[in-house]
Amino acid sequence: MAPFPGAQDFAVGLIGMGDMGKIDDKYDELVKEFANHNNIQILRNGHLVSRASNYIIYSVEAAAIGRVVAQYGPSTRLGAIVGGQTSCKDPEIKAFEEYLPSDVDIVSCHSLHGPNVDPRGQPLVLIKHRASDESFAKVEAVLRCLNSKHVYLTAKEHDRITADTQAVTHAAFLSMGKAWHANQQFPWEGTRYVGGIENVKINLMLRIYAQKWHVYAGLAILNPEAHKQINQFAKSTTELFYLMLEGRAAELRERVYAARDKVFGKENSPKWADKPLLPDGVVDRFSLNVNAKHNAPPLPNNHLSLLAMVDCWSALGIVPYDHMICSTPLFRLWLGVTEHLFRTPGLLDECLRVGIEDNTFRRDDLQFTIAASGWAECVALRQFETWRERFAVTQKFFEPRFEGAVEVGQAMIKAVLEGEKDS
Ligand SMILES: NC(=O)C1=CN([C@@H]2O[C@H](COP(=O)(O)OP(=O)(O)OC[C@H]3O[C@@H](n4cnc5c(N)ncnc54)[C@H](OP(=O)(O)O)[C@@H]3O)[C@@H](O)[C@H]2O)C=CC1
Ligand SMILES: O=C(O)C(=O)Cc1ccc(O)cc1
């Protein structure tokens, strides 16, 4: 049965045929790729897509959304529905309001996962910005084929939550990559970065640097809610690192424990579930070091990045569990290892001890601190070009190792997603 009256003739148009729109770019190649799909028609430009479609989804670079909607928006079919798939809704909604004819309904969306992740069960945000119930129901019916979990938010709520689940999470991994690059090391090749927590850091860092820069730059720079968080993350990193360098053990302990209580709750009323978010052992085997023994004990690390994340959440009054509705697989893994550090008996104290007494990670921590501040400044100043260059030079450093490594990260995420299904 048709999901709604007239569904057979309801045309869905995509403007932007990249990784999220559909894996290809140019007209001739797209025509060839979709030659056997009778119900998919490739058109030469967004004007033709706009004229022919009942529901148009813009899936272009976030920074280009204003320009692209200005270009094609006026060609939108009378009474059509328009939405976007960009990662940050503030500029997208502004562009729609400014350039779309007033008879057009606006329903935006955002799949909270990358192009290589199975969409089934993953959050899909739907934003009914300016639409009749009927139009909204049509969009829901169309997107139901993804079998994602529909989450209903306003554009502002979306940006506030994804500033945490995406922008600040990425800032941590981007900073790790810069730190390892600055010290000219592939961390999995040494003996210092072994074990589950380190596998997550390394694999997700590589995953991000293997992608397109504009996705990460866009969602950090263009999201007005993200600046505060990225800035606080840099501040937390710097202040905790000072306490470590200056040997102020009592203050460090007091600050980290206060943050723990605020973010994860006090010992007798924890905010985490009975079952850990990341069950023991799931990520241990996904090491890039072919010689690594999966059950070898990890080298004690002060985990500055994880302590800083919790300090940042605490300073901003964020409870990350409240944001699970808008979580990406990457965020759940990041929160999973953070939770692991804070709930495993003895692990947090070991971290604090290493932070004060042990110099093993000092150089990397120094570079991590510099990198976190560098990203924060670049975002605050809205420097797209500098952001791109900072990203590109480190991407180039890791590029020779992407082959094989990206697959290990992909397998790790798959294993974690499978585990989530069982719980
Ligand atoms: N990648 C991800 O993990 C996710 C990305 N997103 C968001 O989805 C959007 C698209 O990202 P993604 O697919 O990864 O990026 P891509 O760079 O792969 O795709 C963007 C596409 O938009 C096209 N485009 C740009 N301007 C125009 C135009 N004027 N007319 C027609 N096409 C145009 C580009 O074509 P050309 O290359 O020819 O310029 C390109 O194919 C972004 O806003 C991103 O933030 C959302 C969820 C996940
Ligand atoms: O999981 C993540 O955070 C990713 O890196 C993939 C991603 C990137 C951009 C989005 O808008 C949504 C998902």
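Position 1 is the first residue of the sequence, and the numbers go up from there. Side chains included, hydrogens not; waters and symmetry mates left out as well; all remaining heavy atoms used. In listed order, ligands and their atoms are each counted from 1.
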Peer 1: What I want to know is whether K212 and ligand 1 share at least one N or O pair that is separated by under 3.5 angstrom.
Peer 2: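 Looking only at distances, the answer is yes, because the N/O contact criterion of under 3.5 Å is met.
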Peer 1: Of the choices G16, S59, G114, which has the non-hydrogen atom that lies closest to atom 20 (C) of ligand 1?
Peer 2: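 Of the listed residues, S59 has the closest heavy atom.
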Peer 1: Hey, is H113 one of the residues with a heavy atom under 4.0 angstrom from ligand 1?
Peer 2: yes
Peer 1: Classify the angle between the aromatic ring planes of W213 and F384 as parallel (below 30°), tilted (30 to 60°) or perpendicular (above 60°).
Peer 2: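 Perpendicular.
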Peer 1: What atoms of ligand 1 come within less than 4.0 Å of a heavy atom belonging to Q71?
Peer 2: 29 (N)
Peer 1: Is it the case that more than 12 heavy atoms not belonging to R144 sit under 6.0 Å from its CZ atom?
Peer 2: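 Counting neighbours around CZ of R144, more than 12 heavy atoms of other residues, nucleotides or ligands fall under 6.0 Å, so yes.
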Peer 1: Could you tell me whether ligand 1 has any atom less than 4.0 Å away from a heavy atom of A62?
Peer 2: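 Yes.
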Peer 1: Can you list every pair that meets ring-ring contact (aromatic ring centres under 6.0 Å, His included) and has a residue in residues 220-239, with sequence neighbours left out?
Peer 2: none
Peer 1: Can you name the residues that come within less than 4.0 Å of ligand 2, going by heavy atoms only?
Peer 2: S87, H110, S111, H113, G114, Q166, H170, V215, Y216, L219, T328, L330
Peer 1: Is there any N or O on S111 that sits under 3.5 Å from an N or O of ligand 1?
Peer 2: no
Peer 1: Among pairs that include at least one residue of residues 315-335, which meet ring-ring contact (aromatic ring centres under 6.0 Å, His included), considering only residues two or more places apart or in two chains?
Peer 2: F173-W334
Peer 1: Flag yes if more than 12 heavy atoms outside Y242 fall under 6.0 Å of its OH atom; otherwise flag no.
Peer 2: no
Peer 1: With only distance considered, is Y72 within less than 3.5 Å of ligand 1 through an N or O on each side?
Peer 2: yes
Peer 1: Do other residues, nucleotides or ligands put more than 12 heavy atoms under 6.0 Å from the CD atom of E189?
Peer 2: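 Atom CD in E189 is packed in, count exceeds 12.
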Peer 1: Heavy atom under 4.0 Å from ligand 1: found in C88's side chain, backbone, both, or neither?
Peer 2: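 None of C88 does.
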Peer 1: In terms of relative ring orientation, are Y216 and F391 parallel, tilted or perpendicular, with 30° and 60° separating the classes?
Peer 2: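 Geometry flag for F391 against Y216: parallel rings.
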Peer 1: Tell me which part of V68 gets within contact of ligand 1: side chain, backbone, both or neither, using heavy atoms under 4.0 Å.
Peer 2: side chain
Peer 1: Which one holds for H110 and ligand 1: side chain close, backbone close, both close, or neither close, with close meaning a heavy atom under 4.0 Å?
Peer 2: side chain
Peer 1: Mind jotting down which residue pairs meet the ring-ring contact (aromatic ring centres under 6.0 Å, His included) criterion with at least one end in residues 37-90? Sequence neighbours excluded, please.
Peer 2: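 Matches after skipping sequence neighbours: F34-H37, H47-Y72, Y58-F96.
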Peer 1: In sequence, state the C-alpha distance, the side-chain angles, and the governing distance for E418 and K414, and then conclude on salt bridge (Lys or Arg N to Asp or Glu O under 4.0 Å).
Peer 2: CA-CA 6 Å; E418 291 294 324; K414 199 158 170 244; 5.2 Å; no
Peer 1: Has R192 got more than 12 heavy atoms of other residues, nucleotides or ligands less than 6.0 Å from its CZ?
Peer 2: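 Correct, the count exceeds 12.
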Peer 1: With heavy atoms of P115 as the reference, note each atom of ligand 1 found under 4.0 Å away.
Peer 2: 1 (N), 2 (C), 3 (O)
Peer 1: Centres of the W180 and Y193 rings: under 6.0 Å?
Peer 2: yes
Peer 1: Any atoms of ligand 1 less than 4.0 Å from a non-hydrogen atom of H214? List them with their elements.
Peer 2: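 Contacts of ligand 1 toward H214, numbered from 1: 15 (O), 16 (P), 17 (O).
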Peer 1: Ligand 1 and Q85, any nitrogen or oxygen pair closer than 3.5 angstrom?
Peer 2: yes
Peer 1: Strictly below 4.0 Å, N to O, side chains only: are R388 and E385 in salt-bridge contact?
Peer 2: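 Here R388 pairs with E385 in a salt bridge, since their nearest N and O are under 4.0 Å apart.
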